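Taking it in order: structure first as structure tokens, then the write-up.
Quick caveat, the model's predicted, so the values are computed rather than measured. Values reported hereafter were calculated over all heavy atoms of this structure, with side chains retained and with hydrogens, waters and symmetry mates removed. Heads up: numbering here begins at 1 and tracks the sequence.
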Amino acid sequence: ILNGPDKSGKMMIAEAFAQTLQCEAVNKKLEELAGETESERIENKFTAEPCMECHSCKQAAGKNQPDIIYVSHEKPNTISVDDIRTQLNNDIVIKPYSSKYKVYIIDEAEKMTVQAQNALLKTIEEPPEYAVIFLLTTNRGAFLDTILSRCILLATRPVPGTAVKKYLVEKCSVSKEEAEFAAGFSLGNIGKAEAIVSSEEFQDLKELTLSILRYIHEIESYEIADKVKKYKNGIEDFFDIFLMWFRDIMLLKADNSVNAEAAKKKIIFKNEYAYLKKQVDKLDLEAIDYVIGKIHRARVRIKSNVNFDATLELLIVEARREF
């Protein structure tokens, strides 16, 4: 089980692992080392990495390696028992087509129904020796205890901010300022950071949300809901920007530095320092905590399909009440 937030690298890890397992050069080297003593193997300092040149590696890179199987599902929110039976259980009994292993990758595995998990359980209790199954999930709590007890659990970790910034500047050709914001906002989630700097829609939503937060005590709540509706699919980012704004206010509130430049280094919205400072002077910690609680509540209401406009209007009214 690979557990971690969306875009945190779970698929990248699973695919790299699968490609390495199937790499012809890696398997050849392992066969050569099989007859060596442990000390000789250590001295060889062999690191298993895919060669990227063999037939298997090229197939894996193109996602058409016959023994790396991606389990799909037609229903957007459900992986059914039929999906597991037809694509995994019935297929796994057939030996690998051209490689040493058969690797199954189930993305969004938390969407498996209880029946699907029970069908999978029968396979993972006694899998063929050539089988490797990856369950990629954002919520390991969705799995049955019987599944969890039979799997190795690996959790993705946040990438250090300096590494995220370096990657964005070098690979995505963005400014250091943009990279610094994306690294801070993504909280070390490099996939999310990359999506932030490459999405025009996110930049538009960010600017809209910041304009709302700058003048929250002046804008009518119904106008805000109407404007945000355009970005309904990115509502999670809207809530995250709101949370990060009040996080910055809380940090500045707790900061004893009289030096503005020193204070700016701690916050994410560095260009908004003047607006943040005004709100720091108006809000106490209890008010900030109250608004953060309302943001979380609004997020839950949206996920529960409560009326979109009404939820946002209520959030703005409750936030404005504290200013």
Side-chain angles (χ1 to χ4, degrees), residues 3-8 10 76-78 107-111 136-142 155-156 158 181-196 199 201-217 219-251 253 267-269 272 275-276 279 283 285-323:
N3 181 73
D6 187 37
K7 297 185 178 71
S8 61
K10 300 185 296 294
N77 298 315
T78 304
D107 196 14
E108 301 179 310
E110 70 278 359
K111 294 181 178 179
L136 279 51
T137 183
T138 57
N139 178 22
R140 67 175 187 176
T156 56
F181 167 78
F185 186 80
S186 67
L187 300 177
N189 184 327
I190 200 162
K192 185 174 182 178
E194 190 171 9
I196 286 170
S199 169
E201 184 170 312
F202 176 86
Q203 300 304 326
D204 292 342
L205 175 61
K206 173 188 165 189
E207 187 49 46
L208 171 62
T209 311
L210 290 179
S211 69
I212 292 169
L213 288 163
R214 293 184 199 114
Y215 309 109
I216 193 168
H217 52 289
I219 304 174
E220 293 294 338
S221 57
Y222 70 87
E223 291 180 359
I224 292 171
D226 191 54
K227 290 178 179 178
V228 174
K229 189 181 291 185
K230 177 183 175 183
Y231 304 98
K232 200 169 183 177
N233 291 335
I235 193 63
E236 287 295 317
D237 289 327
F238 173 81
F239 288 132
D240 284 344
I241 294 168
F242 247 74
L243 283 172
M244 291 298 182
W245 179 272
F246 285 96
R247 166 201 173 275
D248 279 359
I249 291 175
M250 190 172 281
L251 279 175
K253 193 82 178 173
I267 61 177
I268 292 173
F269 297 108
E272 306 298 323
Y275 292 99
L276 287 164
Q279 294 184 12
L283 299 170
L285 290 175
E286 187 176 340
I288 297 167
D289 187 58
Y290 172 83
V291 174
I292 289 174
K294 294 303 178 183
I295 297 168
H296 286 303
R297 181 166 175 252
R299 195 195 293 267
V300 171
R301 286 167 66 86
I302 291 291
K303 287 181 177 178
S304 302
N305 294 317
V306 176
N307 183 273
F308 185 86
D309 288 9
T311 299
L312 288 192
E313 286 181 35
L314 181 61
L315 171 61
I316 301 305
V317 168
E318 289 174 327
R320 284 170 59 174
R321 198 175 288 159
E322 301 302 313
F323 284 84

*Donor-acceptor pair, side chain of S304 and main chain of V306, under 3.5 angstrom*: no

*State plainly whether the residues R297 and E318 are in salt-bridge range, i.e. N to O under 4.0 Å.*
yes

*Step by step, would you call L312 with I235 a side chain to side chain contact (heavy atoms under 4.5 Å, CB included)?*
CA-CA 10 Å; L312 288 192; I235 193 63; 4.3 Å; yes

*Would you mind reporting whether I268 and R247 have side-chain heavy atoms less than 4.5 Å apart?*
yes

*Looking at I295, I224, V291, which hits side chain to side chain contact (heavy atoms under 4.5 Å, CB included) with L315?*
I295

*asked:* Minimum heavy-atom separation for I196 and A182, please, with both atom names.
replied: CG2-CB, 4.1 Å

*asked:* Between E236 and R299 (salt bridge meaning N to carboxylate O under 4.0 Å), is one present in this structure?
replied: yes

*Might you point out which heavy atoms bring I288 and M250 nearest each other, and give the distance in Å?*
CG2-CE, 3.5 Å

_Aromatic ring proximity, centroids under 6.0 angstrom, Y290 and F246_ = no

*Rounded distance (nearest 0.5 Å) linking atom CG of N189 with atom CG of D6*: 7.5 Å

*asked:* With rounding to the nearest 0.5 angstrom, report the CG to OG distance, D237 to S199.
replied: 8.0 Å

_Please check if the number of heavy atoms outside K111 that lie under 6.0 Å from its NZ is greater than 12._
yes

*Going by atom types only, do Q279 and W245 share a side-chain donor-acceptor pair under 3.5 Å?*
yes

*Check: R140 main-chain N/O paired with N3 side-chain donor or acceptor under 3.5 Å*: yes

*asked:* With rounding to the nearest 0.5 angstrom, report the CG to OG1 distance, D204 to T209.
replied: 10.5 Å

*Going by an N to O cut-off under 4.0 Å, is there a salt bridge joining R214 and E207?*
yes

*side chain to side chain contact (heavy atoms under 4.5 Å, CB included) between T138 and K10, worked out*: CA-CA 9 Å; T138 57; K10 300 185 296 294; 4.0 Å; yes

*Look only at the side chain of D248 and the backbone of I267, and say whether a donor-acceptor pair between them is shorter than 3.5 Å.*
no

*Please step through side chain to side chain contact (heavy atoms under 4.5 Å, CB included) for the pair V228 and F308, ending with a clear verdict.*
CA-CA 10 Å; V228 174; F308 185 86; 4.2 Å; yes

*Any idea how F238 and F242 line up, ring-wise: parallel (<30°), tilted (30 to 60°), or perpendicular (>60°)?*
tilted

*Charged N to carboxylate O below 4.0 Å: is that the case for K192 and D240?*
yes

*Which pair of heavy atoms, one from L208 and one from S211, lies closest together, and at what distance?*
O-OG, 2.6 Å

*In Å and rounded to the nearest 0.5 Å, what is the NE2 to CZ distance from H296 to R301?*
15.5 Å

_Interatomic spacing from CZ in R321 to CD1 in I316 - rounded to 0.5 Å_ = 12.0 Å

*Kindly give the heavy-atom pair with the smallest separation between A298 and T311, and that separation in Å.*
O-CG2, 3.6 Å

*Evaluate the criterion side chain to side chain contact (heavy atoms under 4.5 Å, CB included) for residue pair F185 and I241; output intermediate values, then yes/no.*
CA-CA 8 Å; F185 186 80; I241 294 168; 3.6 Å; yes

*Find out whether Y215 and L210 are in side-chain contact, i.e. whether some heavy atom of one side chain is under 4.5 Å from a heavy atom of the other.*
no

*Would you call D309 and K229 a side-chain contact if the rule is heavy atoms closer than 4.5 Å?*
yes

_Ignoring hydrogens, what is the shortest heavy-atom contact between A183 and S186? Give both atom names and the distance._
O-OG, 3.3 Å

*Are Y275 and F269 close enough that their ring centers fall under 6.0 Å?*
no

*Roughly how far apart are K232 NZ and L205 CG, rounded to 0.5 Å?*
14.5 Å

*Might you point out which heavy atoms bring A319 and I216 nearest each other, and give the distance in Å?*
CB-CD1, 3.7 Å

